[in-house]
Amino acid sequence: MHPDGTRDQDQAQFWNATDACCDFYGSGVDDSGYLRSLIDQIIVELNVDTDRIYLIGYSNRAFMAYRMACDHADIIAAVASLAGATFANPEDCSAAEPVRTLQIHGTLDGAIDYLGGETDQGPYPGAVETTEQWASFNQCSLDADSSLPTLDLDSRVPGFETMVARYADDCDPGGRSELWTIAGGSHNPPLSADF
């Protein structure tokens, strides 16, 4: 079972994540509070290691994962974002504790541009800027290690197309940021078995 977002007036599900995504009709639904209460309820009812709560999201859900890390860094240990972004303005994120982040993004993403862009609601940062914002929140050096082996994540792109940039030096304990750039990858890359 997994939580679903609210249906808008077009019956499309969405999460009210950042100022750029994706409450396009201005419902103001508090998805951050809803997901936090859901996490708290699961902790009460199940045996949960509260130091290992991770969120992963694709597209709008990836924006929501970052929103949760901003609003609830006290309980979120790490997030992984595929084709999403964080807030355009770092001051809109109030992460009070380190959160490990992984940004996975295709360079040919036509929906959420790798270099950043704008939706009908507002701007969003690119993949590098998103990763570096979180590296800064985590007090990491912005001198990324890009010497790591490449990965084969996209089954449509031949070879090991994904470059890894890791921001792991001088981070606060529990913090780190990483970017996996899928060269030639689209918004919805067909993931390889290695992924």
Side-chain angles (χ1 to χ4, degrees), residues 2-27 29 31-32 35 54-70 76 78-90 92-93 99-135 144 146 148 150-167 177-195:
H2 61 276
D4 290 322
T6 303
R7 288 199 182 275
D8 66 20
Q9 61 193 42
D10 296 327
Q11 297 306 304
Q13 286 183 309
F14 73 94
W15 293 103
N16 185 9
T18 72
D19 49 355
C21 184
C22 285
D23 185 9
F24 296 118
Y25 293 104
S27 73
V29 62
D31 285 326
S32 176
L35 289 173
Y54 311 119
L55 299 178
I56 184 168
Y58 160 69
S59 196
N60 179 201
R61 294 174 284 296
F63 281 86
M64 192 67 223
Y66 280 124
R67 171 66 181 270
M68 291 297 291
C70 287
I76 305 299
V79 299
S81 159
L82 173 58
T86 193
F87 285 96
N89 183 351
D92 290 336
C93 180
V99 177
R100 288 180 181 237
T101 63
L102 170 61
Q103 176 70 22
I104 308 165
H105 216 122
T107 58
L108 298 182
D109 189 329
I112 303 300
D113 196 296
Y114 180 85
L115 298 175
E118 194 165 332
T119 68
D120 292 343
Q121 284 186 278
Y124 59 85
V128 173
E129 187 179 352
T130 289
T131 308
E132 289 187 348
Q133 270 192 39
W134 278 94
S146 298
L148 300 156
T150 55
L151 306 170
D152 180 17
L153 301 185
D154 190 325
S155 63
R156 239 187 337 230
V157 179
F160 289 77
E161 78 294 321
T162 301
M163 296 160 285
V164 176
R166 182 174 295 154
Y167 299 80
S177 293
E178 198 159 309
L179 171 60
W180 294 357
T181 299
I182 306 173
S186 66
H187 183 64
N188 190 10
L191 302 177
S192 70
D194 288 343
F195 184 86

Considering all heavy atoms, the nearest C93-F87 contact: CB-CD1, 4.3 Å
Side-chain donor/acceptor of E161 to backbone N/O of T150, under 3.5 Å: no
Partner set under side-chain contact (heavy atoms from CB on, under 4.5 Å) for L82, not counting sequence neighbours: Y58, I104, P189
Closest approach of N60 to A17 (non-hydrogen atoms, all atoms of both residues): ND2-CB, 4.1 Å
Student check: side-chain heavy atoms of L151 and V164 closer than 4.5 Å: yes
Summary of salt bridge (Lys or Arg N to Asp or Glu O under 4.0 Å) pairs that have at least one residue in residues 178-195, sequence neighbours excluded: R166-E178, R176-E178
Backbone N/O of W180 and side chain of T162: donor-acceptor pair under 3.5 Å: no
Check: S177 side chain, T101 main-chain N or O, donor-acceptor pair, under 3.5 Å: no
Please tabulate, one pair per line, all N/O donor-acceptor pairs under 3.5 Å involving side-chain atoms of residues 111-118, not counting sequence neighbours.
{"from": "D113", "atom 1": "OD1", "to": "L115", "atom 2": "N", "distance (Å)": "2.7"}
{"from": "Y114", "atom 1": "OH", "to": "T181", "atom 2": "OG1", "distance (Å)": "2.7"}

Pairwise side-chain contact, S146 with M163, heavy-atom cut-off 4.5 Å (strictly under): no
Pairwise distance CG(D31) to SG(C22) - rounded to 0.5 angstrom: 11.0 Å
Enclosure of D120 CG (heavy-atom neighbours >12, cutoff 6.0 Å): no
Nearest-0.5 Å distance, CE of residue M64 to SG of residue C21: 10.0 Å
Beyond-backbone contact of Y167 with W134, side-chain heavy atoms, under 4.5 angstrom: no
Residue pairs passing the side-chain hydrogen bond (donor to acceptor under 3.5 Å, both in side chains) test where at least one lies in residues 8-17, sequence neighbours excluded: D10-Y25
Contacts of Y124 that satisfy side-chain hydrogen bond (donor to acceptor under 3.5 Å, both in side chains) - sequence neighbours left out: none
Side-chain (Q103) to main-chain (T86) donor-acceptor, under 3.5 angstrom: no
pair L35-P3: side-chain heavy atoms closer than 4.5 Å: yes
Closest contact, heavy atoms only, A83 versus A62: C-CB, 4.5 Å
Donor-acceptor pair, side chain of S192 and main chain of D152, under 3.5 angstrom: yes
Shortest non-hydrogen contact between A127 and L179, atoms and distance: CB-CD1, 3.9 Å
Listed partners of S186 passing side-chain hydrogen bond (donor to acceptor under 3.5 Å, both in side chains), at least two apart: R156
Atom pair OG1 (T18) and CD (Q121), whose distance is rounded to the nearest 0.5 Å: 7.5 Å
Reported CD1-to-SG distance for the pair I76 and C70, which is rounded to 0.5 angstrom: 11.0 Å
Note, P125 side chain near Q133 side chain (heavy atom, < 4.5 Å): yes
Over all atoms of both residues, closest heavy-atom pair of A69 and V99: CB-CG1, 3.9 Å
